[in-house]
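Report on one structure; see the data block that follows.
What you see is a predicted model; the values in this text were computed from it and never measured. Order of the sequence lines fixes the chain letters, A, B, ..., with proteins taken first and strands second; residue numbering starts at 1 for each chain.
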Protein chains: 4
Amino acid sequence: MPKISDEKRAARRTQILEAAWSCFQAQGLHATTMDDIIKASGLSAGAVYSYFSGKDALILAAVKTSLGDLQALLEPLLREPPPSPGVFVERVAAAVARFSARDGYDLRRVALLGWSEAQRNAQLRETMRGFYLAFRDRLADAAALWKKAGALGADASARDVAKTLLSAILGFVVQSAIMDDVEPKDLARGLRDLGKGGNADAG
Amino acid sequence: MPKISDEKRAARRTQILEAAWSCFQAQGLHATTMDDIIKASGLSAGAVYSYFSGKDALILAAVKTSLGDLQALLEPLLREPPPSPGVFVERVAAAVARFSARDGYDLRRVALLGWSEAQRNAQLRETMRGFYLAFRDRLADAAALWKKAGALGADASARDVAKTLLSAILGFVVQSAIMDDVEPKDLARGLRDLGKGGNADAG
Amino acid sequence: MPKISDEKRAARRTQILEAAWSCFQAQGLHATTMDDIIKASGLSAGAVYSYFSGKDALILAAVKTSLGDLQALLEPLLREPPPSPGVFVERVAAAVARFSARDGYDLRRVALLGWSEAQRNAQLRETMRGFYLAFRDRLADAAALWKKAGALGADASARDVAKTLLSAILGFVVQSAIMDDVEPKDLARGLRDLGKGGNADAG
Amino acid sequence: MPKISDEKRAARRTQILEAAWSCFQAQGLHATTMDDIIKASGLSAGAVYSYFSGKDALILAAVKTSLGDLQALLEPLLREPPPSPGVFVERVAAAVARFSARDGYDLRRVALLGWSEAQRNAQLRETMRGFYLAFRDRLADAAALWKKAGALGADASARDVAKTLLSAILGFVVQSAIMDDVEPKDLARGLRDLGKGGNADAG
DNA sequence: GATGAATGAGTCTTCATTCAT
DNA sequence: AATGAATGAAGACTCATTCAT
């Protein structure tokens, strides 16, 4: 075979990555063997190894791809933030839930696997840290907007609001993956209810 | 030979479990070998196997123990909830952070590992689900108290508040494990700021 | 099984080493697979690996053992050198030939394999270098004796004589392994003939 | 398409063979992969395989080429042998040493690799055997000349002298490859010293 | 009861060779 | 003729578990 085209190469990579994710998700990162992925990809061992240098590289690439997809999913919401934090969180949660309903790819499970792996893979940890840090910065930008628009008090800390919103979102991912009984609107409602306490300033 | 005493047995179990956690945490659940645990426990392979039927049982027991410890840690806060949700979340986060500073045992890392493993271990998943469900119920009880005391609006949904608070807490665990730059009081402040929006009802 | 005795351990090591040599010799160092050695040893893969950390370690140990055996074989000749260099070379060659007739272990082939491997294994190279250096020193000692006894001229260089004798011996190993038509006494005769030239000082 | 010219073909073969030797020498015969050779040759896999049927054929061809080169190197010395065996050995050793100083090609290392490989490759073994046998015959011819010229005693065995000289030469290759501290003149001196013993006939 | 040596199925990875383009 | 992507059998090594002593 003569030199393969760049598109073809990219397509093969995607093909392998998708095979990898469907395995990872079904069995976990470590219980998945390279052979599982090779079989699922429909390629030979050698071919898979010519695209990825090994299992760790495959995991890293898979997680990066996944973060990229998530990034694309959230970009519109970050570019033009909804009128209030509550609506924002609900929309993000809804996007995550929608993304998780795809066949053979549940973003929530993927996230849990990635976080766990990040504990022992420094490169993965840094990649993730960078991603969430950037996301939180965008969140802080949105908070600044909300302050200007009056959706947040004038003395609100954009930074702390961003941290809290990120927590709520990440927590939604965990809770929804494990309990499977949380809806985006539950979160929105809870957030709203928390904000209307008689002496909210005590909290 | 006289049977070993029950206390002795319990002590051995604890000894093994602690060895297991220190390994799990340092290397992850799957990268830890039984031999690592055996070495760390100071016992022989046969001895370890006489206390736990295998690696999966050890993982399950370790996670259960960990959840039990967490339960004990949170019990006081649940029995006599602080005056407001914000304070509550801050105290829980502080307890988690304190628990994570212990030598050779970081509750946050442990949680991430457990969640990931729960994806492929049904028994573990059910154990966890039960734990978080129970915790959320206690949270809803607290929310009911807060409603009565006026710390929450009269029309607040205790259930949704509980879900939201659990999300915030779980999300704190994730964010703090990965980014390591979130303080309990950041969360409390963010939650308070979120509640004081000019048109909070829009969220 | 409780702790194994030291003798038993040593016996197992020997058992594995002998299996390794019979394979190495029959198929070469690299064409021999660990599985070949494992099968030949009658042990399991795990057992073999518990005695030797890997194939390289096994090769190194095998060569070292082989050098040790050779050392033991030559020691008597070095301790009390025969009356002349010619007799010495003949006896060494005879010892090598005798050692090579053992079942499943041909010292000459072993030597060729080891030399080749030493090209790409620094540790092995150093081990060998040290061995031959020491042997050459002993040879120089013998040469000094021969000088004193008049079997060598008074102005002979013990160092160069040692180098030359070592060359003759090593070359005998090569030639005999490849051509299989050289006898120890051929070497002795050739050496004597070379020494009796009319104008030997011209060489 | 016009067939590639014969010169071109020959040039390609040489190109591949040289690439092969530079790899073989640096990493050993077995540690060198076809891919190493392909990369080093600058050709494609298919091209290399169109010139050589496989790795074994490449090794065989490489060794043959190497023996041919050696043959060419020694031919002048064999055609008109130097006045004495000592000078002859010194000149051969010097030629080998000179040949080994070439960049990326050390005849001594090459020889060790080839001998080792010959243990498990019958065709290679025969090729080598034939080469050394022929060389030894030429050596015997030279010995006959030396006898006639008085450089060797009248009762010298040309055959045994040839065997002994070959041993010295092969041994020089080994010793010099492993210890790297032997000079051609050391060998000449040692040989001369060995010949001047008071009672050389005892050796 | 305890020990730890032994087991062997299973993992990741490599690499000589082929053949569609 | 040439290319180089793809193949897949084979290799080195690991590790959860067992069981003879």
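Taking C/Thr65 as the reference, nothing meets the side-chain hydrogen bond (donor to acceptor under 3.5 Å, both in side chains) condition, with sequence neighbours excluded. With sequence neighbours excluded, no residue forms a side chain to side chain contact (heavy atoms under 4.5 Å, CB included) with B/Ser50. Looking at residues two or more places apart in sequence or on another chain, you find a side-chain hydrogen bond (donor to acceptor under 3.5 Å, both in side chains) between B/Thr33 and B/Asp36. A/Ser66 pairs by the side-chain hydrogen bond (donor to acceptor under 3.5 Å, both in side chains) definition with A/Tyr105, not counting sequence neighbours.
Each salt bridge (charged side-chain N to carboxylate O under 4.0 Å, His left out) pair with one or both residues in residues 11-23 of chain C, not counting sequence neighbours, would appear here, but there are none. Here side-chain hydrogen bond (donor to acceptor under 3.5 Å, both in side chains) pairs that include residues 114-124 of chain D, with residues two or more places apart or in two chains, are C/Arg109-D/Gln119, D/His30-D/Glu117, D/Trp115-D/Tyr132, D/Glu117-D/Arg120.
Rounded to whole angstrom, the span from the CD1 atom of C/Ile4 across to the C1' atom of F/dA20 amounts to 11 Å. What separates CG of C/Leu58 from P of F/dC13 is a distance of 10 Å, to the nearest Å. If you take CG of D/Leu29 and P of E/dC15, they are 15 Å apart, rounded to a whole angstrom. When rounded to the nearest whole Å, the span between CZ of A/Arg9 and C1' of F/dA6 equals 12 Å. Across the protein-nucleic acid pair, C/Ile16 atom CD1 and F/dA12 atom P stand 15 Å apart, rounded to whole Å. The separation between C/Lys55 atom NZ and F/dA10 atom P is 15 Å, rounded to whole Å. Atom CD1 of D/Ile59 and atom P of E/dC15 are 14 Å apart (whole Å). Rounded to whole angstrom, the span from the OH atom of B/Tyr51 across to the C1' atom of E/dT3 amounts to 14 Å.
Side-chain contact between D/Leu17 and D/Phe52 is present, with at least one heavy-atom pair separated by less than 4.5 Å.
Test B/Asp35, B/Leu43, B/Ile37 against B/Lys39 for side-chain contact (heavy atoms from CB on, under 4.5 Å) and you get one pass: B/Asp35.
Between C/Ser50 and D/His30, the residue whose closest nucleotide on DNA chain E is further toward the 5' end is C/Ser50. Closest-nucleotide positions on DNA chain F for C/Ala31 and B/Gly54 were compared, and the one nearer the 5' end corresponds to C/Ala31. A residue-by-residue look at C/Arg12 and D/Gly46 shows that C/Arg12 has its nearest nucleotide of DNA chain E further toward the 5' end.
Closest non-hydrogen pair, A/Ile16 versus A/Val48, comes out as CD1-CA, 4.0 Å.
Closest approach to the D/Met34 side chain among F/dA6, E/dT17, E/dT7 is made by E/dT17 (side chain taken as heavy atoms from C-beta onward). Here the nucleotide nearest the side chain of C/Ala47, chosen from F/dA5, F/dG11, E/dT7, is E/dT7. Of all nucleotides listed (F/dA16, E/dA16, F/dA5), F/dA16 comes nearest to the side chain of B/Tyr49.
Nucleic acid contact class of B/Ser53 (heavy atoms, under 4.0 Å, all strands): none. Residue-level contact check: C/Thr32 touches the backbone only, with heavy atoms under 4.0 Å from sugar-phosphate atoms and none from bases.
Contacts with DNA chain F (heavy atom under 4.0 Å) in residues 35-45 of chain D: D/Ser44, D/Ala45, listed by number.
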(message) Once pairs are restricted to Watson-Crick or G-U wobble with both distances under 3.5 Å, how does DNA chain E read as a dot-bracket string, [ ] for crossings and | for other-strand pairs?
(response) .||||||||||||||||||||

Would you mind writing out the side-chain donor-acceptor pairs for residues 20-28 of chain A within the sub-3.5 Å range, not counting sequence neighbours?
from, atom 1, to, atom 2, distance (Å)
A/Trp21, NE1, A/Ala62, O, 2.9
A/Ser22, OG, A/Ala19, O, 3.2
A/Gln25, OE1, A/Asp106, N, 2.1
A/Gln25, NE2, A/Gly104, O, 2.6

